[in-house]
Amino acid sequence: MVDLKKTALHYQNYLKLDKILHAQFPMSKELGDESHDEMLFIIIHQAYELWFKQIIHELKSVKDTIKDEKIDEKEIIKVVKRTDRIKEILNLLVKQIDVLETMTSIDFLDFRDYLSPASGFQSHQFRKIEVMLGLKINQRHSFGNCPYHDQFSVEEKKEILTLEDQQSIFDLVEKWLNRNPFVNYEDFDFVEHYTTAIENMMSKEMNSIKSSDILTDNEKNIRIKMLEGSKEYYNEIVSKASFEEKNSNAFSKNALISALLIFQYKDQPILHMPYRFLKNLLDIDHIISNWRFRHAQMVDKMLGKKIGTGGSDGADYLKNTVYQNRIFNDISKISTLLLSRSFMPELPDKIKSKLGFSN
Ligand code: HEM
């Protein structure tokens with residue numbers, strides 16, 4: 001008779017719970033007076049690292065799916081699903097800060113001295129996520145001229161530098177956008193059509209400001225200046241001679257125009273999934289910024305002006321990363337250029353039929 005209890009895969013074994021549940025060793029217990037809240041501190045970090053592992057798993061799949069010169073349409077559905085999942089995990093990670101904040105500053109100080117010099121700075125997986133998404137080393141907010149990878153062992157440093165040399169999701173998305181066939185399709189030139197439409201929209205807006213009976217002259221001047229700023233931004237994009245001119249943290253002209261077309265015509269069936277993919281990347285960037293902000297605020301409450309265990313100026317350093325370390329800024333800027341439906345240039349029939357399901 002086979003003993004099923006011995007041979008069948010058991011919940012405990014499958015999940016390796018013997019390892020996971022015996023991996024919490026509060027330093028306060030080992031070195032001094034046991035502090036109750038250190039268990040929460042350890043478990044919450046471990047939970048983060050497990051989720052980071054899942055995010056990396058999803059990002060690898062996204063990178064692998066979009067790395068080829070030709071990507072099947074069905075594959076875009078796959079990357080949308082992957083990035084939907086990453087968003088949900090990240091939202092959960094922001095929410096976890098609420099749990100950590102049930103610990104007060106004094107509860108934390110009870111065991112903080114035992115942790116030094118360990119710090120979130122040394123989270124290799126967090127850095128991998130940033131690098132895989134496309135955060136470039138020259139773009140990062142850093143302190144004291146210390147490259148972030150100085151925190152790692154030789155092996156970990158080698159791994160992260162290899163990752164830095166590979167194409168990130170930012171790089172691959174840019175290449176994919178550059179290949180959008182609808183920007184110049186036969187004799188249809190999207191930029192030409194769009195420029196006329198954007199000029200019409202802006203001149204209507206300009207006229208309504210100038211002819212307003214409600215606004216003062218000063219208010220009018222402020223609004224006119226802002227509107228001219230948006231116009232300048234559009235001209236800047238369309239007049240870029242080539243995409244070689246771009247800096248490494250911005251999309252090329254072609255990629256930006258292509259993303260603009262996708263955002264503007266997102267309701268066309270073929271463009272809808274590409275739109276959702278781009279929107280997800282923007283959301284991921286924003287949710288990571290939310291996490292950075294919430295983490296910085298929590299550190300503010302816990303530490304005030306105290307320096308971090310990793311040696312930075314703590315909350316001040318973290319606050320600076322909120323905007324500076326964003327990756328897909330160019331996708332968020334696209335909204336500046338979007339036209340309301342009434343100003344959208346009508347697409348020629350031959351393009352419409354290519355973008356629909358009827359051809
Ligand atoms: C009491 C709770 C926490 C405090 C007081 C705290 C404090 C800090 C401080 C001061 C830094 C700046 C680096 C330094 O000088 O050490 C930092 C960085 C960091 N922490 Fe936390 N942290 C806490 C919880 C967490 C949790 C739960 C995570 C989840 C993984 C985390 C992840 C990170 C990461 C990834 C960085 C690097 C951020 C970057 O360089 O952009 N921290 N933390």
query = So Thr336 and Tyr234, side-chain hydrogen bond (donor to acceptor under 3.5 Å, both in side chains) or not? Walk me through it.
reply = CA-CA 8 Å; Thr336 322; Tyr234 181 73; over 6 Å; no
Intermediate values then yes/no, salt bridge (charged side-chain N to carboxylate O under 4.0 Å, His left out), Glu164 and Lys136 = CA-CA 8 Å; Glu164 288 259 4; Lys136 308 280 190 282; over 6 Å; no
query = Given the rule in the side-chain contact (heavy atoms from CB on, under 4.5 Å) test, do Asn218 and Ile222 qualify, once you have shown the distances and angles that lead to the verdict?
reply = CA-CA 6 Å; Asn218 190 31; Ile222 294 171; 4.3 Å; yes
task = May I have the step-by-step check of salt bridge (charged side-chain N to carboxylate O under 4.0 Å, His left out) for Glu130 and Arg127, ending in yes or no?
result = CA-CA 5 Å; Glu130 292 179 326; Arg127 297 302 182 213; 3.0 Å; yes
task = Evaluate the criterion salt bridge (charged side-chain N to carboxylate O under 4.0 Å, His left out) for residue pair Lys128 and Glu159; output intermediate values, then yes/no.
result = CA-CA 9 Å; Lys128 275 170 88 170; Glu159 193 190 340; 2.7 Å; yes
inquiry  = The test is salt bridge (charged side-chain N to carboxylate O under 4.0 Å, His left out); show your working for Lys231 and Glu228 and say whether it passes.
reply    = CA-CA 5 Å; Lys231 209 167 168 183; Glu228 279 167 350; over 6 Å; no
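The number of heavy atoms from other shown groups lying within 6.0 Å of NZ (Lys87) is above 12. Under a cut-off of 6.0 angstrom, the local environment of NZ in Lys158 is sparse, with at most 12 non-hydrogen atoms contributed by other residues, nucleotides or ligands. A 6.0 Å sphere centred on OH of Tyr323 holds no more than 12 heavy atoms belonging to other residues, nucleotides or ligands. Few gaps surround CD on Glu186; more than 12 heavy atoms of other groups in view lie less than 6.0 Å from it. Sparse packing is recorded around NE2 of His57, with 12 or fewer heavy atoms of other residues, nucleotides or ligands lying under 6.0 Å away. Around the NZ atom of Lys78, the shell of radius 6.0 Å holds more than 12 heavy atoms that belong to other residues, nucleotides or ligands.
Cluster membership check: Val99 shares its hydrophobic cluster with Met298, using side-chain heavy-atom separations under 4.5 Å among Ile, Leu, Val, Met, Phe, Trp and Tyr. Connection of Leu339 to Ile257 is established within a shared hydrophobic cluster, with ILVMFWY side chains joined at heavy-atom distances below 4.5 Å, either directly or through further cluster members. Residues Leu271 and Ile77 fall within the same hydrophobic cluster, defined by Ile, Leu, Val, Met, Phe, Trp and Tyr side chains chained together at heavy-atom separations under 4.5 Å. Taking hydrophobic clusters as Ile, Leu, Val, Met, Phe, Trp and Tyr residues chained together by side-chain heavy-atom distances below 4.5 Å, Tyr14 shares a cluster with Leu17. Leu92 and Leu40 end up in the same hydrophobic cluster when Ile, Leu, Val, Met, Phe, Trp and Tyr side chains are linked at under 4.5 Å.
Within the 3.5 Å criterion, the main-chain N or O of Gln324 finds a donor-acceptor partner in the side chain of Gln139. Remark: the backbone N or O of Asn178 is not paired with any side-chain donor or acceptor of Asn254 at under 3.5 angstrom. With Asp285 contributing its side chain and Phe328 its backbone, the two residues share a donor-acceptor pair below 3.5 Å. Gln167 places no side-chain N or O within donor-acceptor distance of the main-chain N or O of Lys67, the cut-off being under 3.5 Å. Listed for the Glu58 side chain is no donor-acceptor partner under 3.5 Å among the backbone atoms of Ile55. Looking at Asn207, its side chain does come within 3.5 Å of a backbone N or O of Ser203 through a donor-acceptor pair.
Looking at Lys60 and Asp64, no side-chain N of the basic residue comes within less than 4.0 Å of a carboxylate O on the acidic one, giving no salt bridge. The pair Lys81-Asp84 does not meet the salt-bridge criterion, since no charged nitrogen lies less than 4.0 angstrom from a carboxylate oxygen. One finds no salt bridge joining Glu88 and Arg85 here, because no Lys/Arg side-chain nitrogen approaches an Asp/Glu carboxylate oxygen to under 4.0 Å. Salt-bridge check for Lys305 with Asp313: failed, with every basic side-chain N at 4.0 Å or more from each acidic carboxylate O.
Donor-acceptor pairing under 3.5 Å is lacking for the side chains of Glu156 and Gln151. At a cut-off of 3.5 Å, with distance as the only test, no side-chain donor of Ser35 or Tyr114 sits close to an acceptor on the other residue. Using modelled atom types and a 3.5 Å distance limit, the side chains of Asn180 and Ser258 yield a donor-acceptor pair. Side chain to side chain, Thr162 and Asp165 fail the donor-acceptor criterion of an N or O pair below 3.5 Å. A donor and an acceptor atom, one from each side chain of Ser332 and Asn329, are nowhere located under 3.5 Å apart.
Contact between Ser123 and Glu49 at its shortest, heavy atoms only, is OG-OE2, 2.8 Å. When every heavy atom of Glu174 is checked against every heavy atom of Ala250, the shortest pair comes out as OE2-O, 3.8 Å. Nearest heavy atoms, Ile97 versus His295: CD1-N, 3.6 Å.
Residues Phe182 and Tyr265 place their aromatic rings such that the two centres sit no closer than 6.0 Å.
Atom CD of Glu38 and atom CG of Asp33 lie 12.0 Å apart (nearest 0.5 Å). Remark: Leu90 CG to Ser289 OG distance equals 11.0 Å, nearest 0.5 Å. We find the CG-NE2 distance between Leu261 and His193 to be 11.5 Å, quoted to the nearest 0.5 Å. In this structure, CD on Glu101 lies 5.0 Å from CZ on Arg294, to the nearest 0.5 angstrom. Rounded to the nearest 0.5 Å, atoms CD1 (Ile86) and CG (Asn91) are 12.0 Å apart. Atom NZ in Lys16 sits 13.0 Å away from atom CG in Leu21 (nearest 0.5 Å).
For the side-chain contact (heavy atoms from CB on, under 4.5 Å) criterion with Ile288, the lone passing option out of Leu133, Leu93, Asn325 is Leu133. Among the candidates Tyr148, Phe121, Phe52, Phe152, the single residue satisfying the ring pair (Phe, Tyr, Trp, His ring centres under 6.0 Å) test with Phe126 is Phe52. The only option from Ile71, Asp68, Ile66 that meets the side-chain contact (heavy atoms from CB on, under 4.5 Å) definition with Trp176 turns out to be Ile71.
Between Val131 and Ile160 the shortest side-chain heavy-atom distance falls below 4.5 Å. Between Lys350 and Asp187, some side-chain heavy-atom pair lies under the 4.5 Å cut-off. Within the 4.5 Å cutoff, side-chain heavy atoms of Val62 are placed close to those of Phe277. Two residues are said to be in side-chain contact when any heavy atoms from C-beta on lie closer than 4.5 Å; Leu337 and Phe263 fail this criterion. With a 4.5 Å cut-off on side-chain heavy atoms, Glu205 and Arg223 do not count as touching. At a threshold of 4.5 Å between non-hydrogen side-chain atoms, the residues Leu260 and Leu256 do not count as touching. Contact of the Asp300 side chain with the Lys319 side chain is registered, since non-hydrogen atoms from C-beta on lie closer than 4.5 Å. Taking the side chain as every heavy atom from C-beta outward, Phe25 and Ile42 never approach each other to under 4.5 Å.
Applying the salt bridge (Lys or Arg N to Asp or Glu O under 4.0 Å) test to Lys63 and every residue at least two apart in sequence or in another chain returns nothing.
Relative orientation of the Phe111 and Phe108 rings is perpendicular, given thresholds of 30° and 60° on the angle between their planes.
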